[in-house]
Amino acid sequence: MKETSKFSSSFGTIVVIGGSVVGLGNIWRFPYIAGENGGGAFIAVYILTTLFIAVPLILCELSLGRKTQSDVFTAFVKMKSHKAWRLVGGISIFSALFIMSFYSVVAGWSFEFMIKSLSGDFVLSSATNVKSQLDSFVNTGYMPVAWALVYIGVTGGIVMMGVKRGIERLSKIMMPIFFVIILGLAIHSMTLPGVSEGLDFLFNPDFSKIDGSVILTAVGQAFFSLSIGLGAMVTYGAYVNNKANLKKLTLTIVLTDTLVAILAGLIIFPAIFTHGIDSSSGPELIYVTLPTVFGQMPGGMFISGLFFFLVFLAAITSSISLLELNVAFLINRTKLSRKKAVVLTSAVSALLATLCSLSLMDDSIYTIAGVPVFDFLDYITATYMLPISSIGFVLFMGWVANKTLREEILNYNINAPWWYRSFNFSVKYVLPIVLLLILING
Ligand code: PHE
């Protein structure tokens with residue numbers, strides 16, 4: 001890969017990788033999962049999981065990418081390892097395609113909800129009314145499909161412009177705007193009457209709520225939120241400057257991601273406690289509950305519009321990484337140009353997204369094993385594909401490419417400090433076992 005496809009600065013590196021990890025996982029998934037799993041106690045387990053499981057996995061992926069300068073599949077080819085390892089790359093490529101398809105559907109809804117918010121459709125509406133607005137939108141069939149296609153088109157357009165001119169340049173604009181909006185909305189939430197209840201729910205852990213399933217859910221959430229297990233970090237690792245300190249980069253990314261998840265919680269929980277809405281209302285938390293809550297506030301139309309714009313910004317930088325992962329793979333493995341690779345990947349994503357979206361209609365025929373295609377893809381990626389490929393990554397870096405891991409993380413320093421020795425021990429022995437147990441329980 002040519003040197004021109006490296007990120008141009010450390011700020012650029014952080015906004016692009018930060019853009020991949022910060023997404024619907026933080027704003028849509030984290031608040032409802034935390035809400036369903038006991039709030040503070042779940043968050044405590046989640047933070048431990050990110051430190052002990054996610055950080056080492058990200059380091060493994062980034063090292064493999066930077067060493068081989070290639071996408072997640074070609075990386076295994078370049079390491080001259082046994083052909084069977086390529087399977088790990090293959091699973092990653094398919095996971096990215098599957099995630100991209102249902103992700104685009106949920107992200108596409110943000111356009112519709114931005115428009116509805118600003119046109120006052122949610123003003124003084126009850127939750128039942130907002131829910132029926134969401135249902136009738138989804139049941140038109142063509143509307144959500146159209147928005148998902150627009151969304152994939154925008155993502156494809158950015159990826160087509162290339163790593164520096166497209167992905168990095170736009171992330172440098174979008175991520176700062178994202179932070180200004182999320183901070184503004186969080187500060188606004190601090191003025192609501194439900195703030196003390198909201199803060200209590202988020203930060204006062206009730207450890208009796210922790211059980212096996214809470215731990216499993218926390219691990220799954222960490223994988224999704226930190227873009228782990230599908231080689232997004234391998235692909236982006238190839239674009240990271242050779243002198244950059246991967247450990248520092250990883251810690252910055254993980255901290256940012258956790259901070260954004262907590263900020264999203266700070267926006268959402270004070271608002272829902274203010275209006276006495278159930279904190280465990282599931283995936284509909286942001287698309288049903290929030291418009292209802294904002295609809296009761298003075299000036300809520302604009303706050304709600306701004307919130308769905310935030311959702312869009314968060315999602316797009318993540319989908320860029322999902323698409324880029326496949327595009328880099330096609331560029332490296334076939335003779336396709338970037339343009340053609342983007343068109344092909346977007347077309348396949350568009351087809352899958354259409355199926356996902358239509359599968360959510362009442363009595364839809366688009367089901368697999370009795371469940372809507374949308375839920376099926378969500379379930380098999382999170383429960384099987386991401387953990388399996390993660391086991392592949394740690395085994396590979398721990399046992400086959402251990403020297404590479406060491407060189408990349410220590411930047412070719414000869415002495416391994418204490419933290420490296422415990423990290424390496426964990427990659428070789430602890431993580432494969434822990435991940436296997438998670439997979440079996442999942
Ligand atoms: N991390 C993204 C989010 O939180 C989702 C994602 C997963 C993006 C895997 C890329 C790869 O929404």
Side-chain angles (χ1 to χ4, degrees), residues 14-34 46 49-50 54 57-58 61-62 65 71-72 89 91-110 151-152 155 158-159 167 171 174-175 178 182 217-237 239 250 253-265 283 285-286 310-329 345 349 377-390 393:
I14 290 175
V15 286
V16 175
I17 302 188
S20 169
V21 298
V22 168
L24 295 178
N26 306 63
I27 298 186
W28 166 66
R29 208 166 183 270
F30 180 83
Y32 87 74
I33 299 251
Y46 176 77
T49 314
T50 56
L57 272 164
I58 298 178
E61 287 197 30
L62 285 175
D71 65 276
V72 59
I91 296 176
S92 302
I93 298 279
F94 277 100
S95 311
L97 211 52
F98 291 167
I99 293 184
M100 178 69 188
S101 57
F102 64 80
Y103 206 83
S104 309
V105 173
V106 182
W109 293 356
S110 70
Y151 179 81
I152 293 173
T155 312
I158 296 174
V159 174
I167 302 178
S171 302
M174 292 190 290
M175 289 311 282
F178 171 86
I182 198 168
T217 313
V219 176
Q221 172 60 18
F223 272 45
F224 188 80
S225 187
L226 285 159
S227 314
I228 297 171
L230 33 63
M233 294 299 148
V234 178
T235 309
Y236 276 174
Y239 310 146
T250 303
I253 297 303
V254 169
L255 257 158
T256 310
D257 190 67
T258 311
L259 183 75
V260 172
I262 291 182
L263 281 174
L285 191 63
I286 71 166
L310 183 82
V311 172
F312 162 73
L313 282 179
I316 189 99
T317 44
S318 300
S319 338
I320 287 174
S321 68
L322 290 166
L323 207 65
E324 173 64 18
L325 201 153
N326 278 282
V327 168
F329 162 71
T345 318
S349 306
L377 293 183
D378 183 3
Y379 179 75
I380 56 161
T381 45
T383 318
Y384 298 107
M385 297 174 74
L386 299 189
I388 290 178
S389 44
S390 297
F393 285 120

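What you see below is based on every heavy atom in this structure, not just the backbone, and it leaves out hydrogens, waters and symmetry mates. Both ligands and their constituent atoms are indexed starting at 1 by order of listing.
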Name every donor-acceptor pair, under 3.5 Å, that has one atom in a side chain of residues 99-106 and the other anywhere in the protein, sequence neighbours excluded.
from: S101; atom 1: OG; to: F98; atom 2: O; distance (Å): 2.5
from: Y103; atom 1: OH; to: L24; atom 2: N; distance (Å): 2.9
from: Y103; atom 1: OH; to: S318; atom 2: OG; distance (Å): 3.3
from: S104; atom 1: OG; to: M100; atom 2: O; distance (Å): 2.6

Roughly how far, to the nearest 0.5 Å, is CE of M233 from CG of L57?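 Output value for this atom pair is 11.5 Å.
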Tabulated below should be the N or O atoms of ligand 1 paired with protein N or O atoms at under 3.5 Å; can you produce that?
from: ligand 1; atom 1: 1 (N); to: S20; atom 2: O; distance (Å): 3.3
from: ligand 1; atom 1: 1 (N); to: V21; atom 2: O; distance (Å): 3.1
from: ligand 1; atom 1: 1 (N); to: F224; atom 2: O; distance (Å): 2.8
from: ligand 1; atom 1: 1 (N); to: S225; atom 2: O; distance (Å): 3.0
from: ligand 1; atom 1: 1 (N); to: S227; atom 2: OG; distance (Å): 3.0
from: ligand 1; atom 1: 4 (O); to: V21; atom 2: O; distance (Å): 2.9
from: ligand 1; atom 1: 4 (O); to: G25; atom 2: N; distance (Å): 3.3
from: ligand 1; atom 1: 4 (O); to: N26; atom 2: OD1; distance (Å): 3.4
from: ligand 1; atom 1: 12 (O); to: L24; atom 2: N; distance (Å): 3.0
from: ligand 1; atom 1: 12 (O); to: G25; atom 2: N; distance (Å): 2.7
from: ligand 1; atom 1: 12 (O); to: Y103; atom 2: OH; distance (Å): 2.6

Taking side-chain contact (heavy atoms from CB on, under 4.5 Å) as the criterion, tell me which of L386, D71, V72 meets it with S92.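 Of L386, D71, V72, side-chain contact (heavy atoms from CB on, under 4.5 Å) with S92 is met by V72 alone.
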Using the test salt bridge (charged side-chain N to carboxylate O under 4.0 Å, His left out), find all partners of E61 that sit at least two apart in sequence or belong to another chain.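 Here no residue qualifies.
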I380 side chain near M385 side chain, heavy-atom distance below 4.5 Å: yes
Mind checking what makes ring pair (Phe, Tyr, Trp, His ring centres under 6.0 Å) contact with F223, not counting sequence neighbours?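 Applying ring pair (Phe, Tyr, Trp, His ring centres under 6.0 Å) to F223 gives none.
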